[in-house]
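Single-structure report; data block below.
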Amino acid sequence: MSAGVRPVPPRPLARRLLAPAVTLAGVAAAFAYVGAVDPNEPGHYPVCPLLRFTGLYCPGCGGLRSAHAFAHGDLPAALGANAFAVLGYGLFAVFMVLWLIRAIRGEPMRLAVSSAWWWGIGIALALFTLVRNLPFGSVLAP
């Protein structure tokens, strides 16, 4: 260490937990809203433009119904509405746990996803969209 340079003291725990706590609070508020306002009743949420104009389900179609069912603890209904969204809820939960652990330890959270992963996710979403719009894939349709 060179002379005259002091090490940076660690930030207080409350400051380190601020970003993950605010993120978690925002997601919890969104789930609470979707859990309280039923997307199965028309007029509460906008209609998917792709579904409206083409009759095709996009990868997000059924996501609100899935979140509503998930918020009410109905995992089979959540999976039936949008299985990919339920996978996303699980991945988000894992990410939040890792972020909170790193924040408590004072380690920065860096999420470096290689382009191969992004391509894989894109291909999986495209296949999910394709299959749910075919007659044999109707089990994936909302």
Side-chain angles (χ1 to χ4, degrees), residues 1-2 5-142:
M1 185 178 336
S2 54
V5 177
R6 291 188 205 167
V8 177
R11 295 185 330 204
L13 180 61
R15 175 75 174 110
R16 293 190 314 254
L17 290 176
L18 183 62
V22 168
T23 301
L24 196 54
V27 170
F31 263 91
Y33 180 81
V34 172
V37 181
D38 191 355
N40 295 303
E41 295 178 18
H44 293 293
Y45 299 97
V47 178
C48 172
L50 184 68
L51 180 62
R52 174 177 238 163
F53 296 120
T54 68
L56 297 173
Y57 297 115
C58 76
C61 280
L64 286 172
R65 288 186 293 277
S66 175
H68 179 78
F70 194 82
H72 287 272
D74 190 354
L75 188 59
L79 285 166
N82 191 323
F84 219 85
V86 176
L87 176 65
Y89 309 150
L91 291 174
F92 178 78
V94 169
F95 172 77
M96 284 305 304
V97 167
L98 291 174
W99 194 7
L100 287 167
I101 289 170
R102 287 177 147 297
I104 290 168
R105 291 180 180 169
E107 300 169 0
M109 183 63 182
R110 291 190 177 89
L111 184 62
V113 182
S114 71
S115 61
W117 276 100
W118 286 119
W119 276 102
I121 292 167
I123 290 168
L125 280 170
L127 287 173
F128 176 69
T129 303
L130 175 67
V131 170
R132 76 189 317 207
N133 284 292
L134 295 173
F136 67 87
S138 62
V139 71
L140 295 176

Quick one: pull up [atom1] in [X] and [atom2] in [Y] and give me the separation to the nearest 0.5 Å.
X	Y	atom1	atom2	answer
Arg16	Met109	CZ	CE	15.0 Å
Thr129	Leu134	OG1	CG	11.0 Å
Phe84	Ile121	CZ	CD1	7.5 Å
Thr23	Leu100	OG1	CG	9.5 Å

For residues [X] and [Y], report the shortest heavy-atom separation together with the two atoms involved.
X	Y	result
Arg65	Pro142	NH2-CB, 3.2 Å
Asp38	His44	O-CD2, 3.6 Å
Ala69	Ala78	CB-N, 3.5 Å
Phe128	Ala83	CZ-N, 4.4 Å
Pro59	Asn82	O-ND2, 2.8 Å
Ile104	Leu17	CG1-CD2, 3.9 Å

Say whether, by atom type as modelled, one donor and one acceptor occur between the side chain of Arg132 and the main chain of Gly137 under 3.5 angstrom.
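Looks like no, no N/O pair under 3.5 Å.
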Any donor-acceptor N/O pair, Ser66 side chain to Gly62 backbone, under 3.5 Å
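Between the backbone of Gly62 and the side chain of Ser66 there is no qualifying donor-acceptor contact (under 3.5 Å).
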Check side chain to side chain donor-acceptor pair (under 3.5 Å) between Tyr45 and all other residues, then give those that pass, not counting sequence neighbours.
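None.
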When you compare the side chain of Leu50 with that of Tyr57, does any pair of heavy atoms fall below 4.5 Å?
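Sidechains of Leu50 and Tyr57: no contact.
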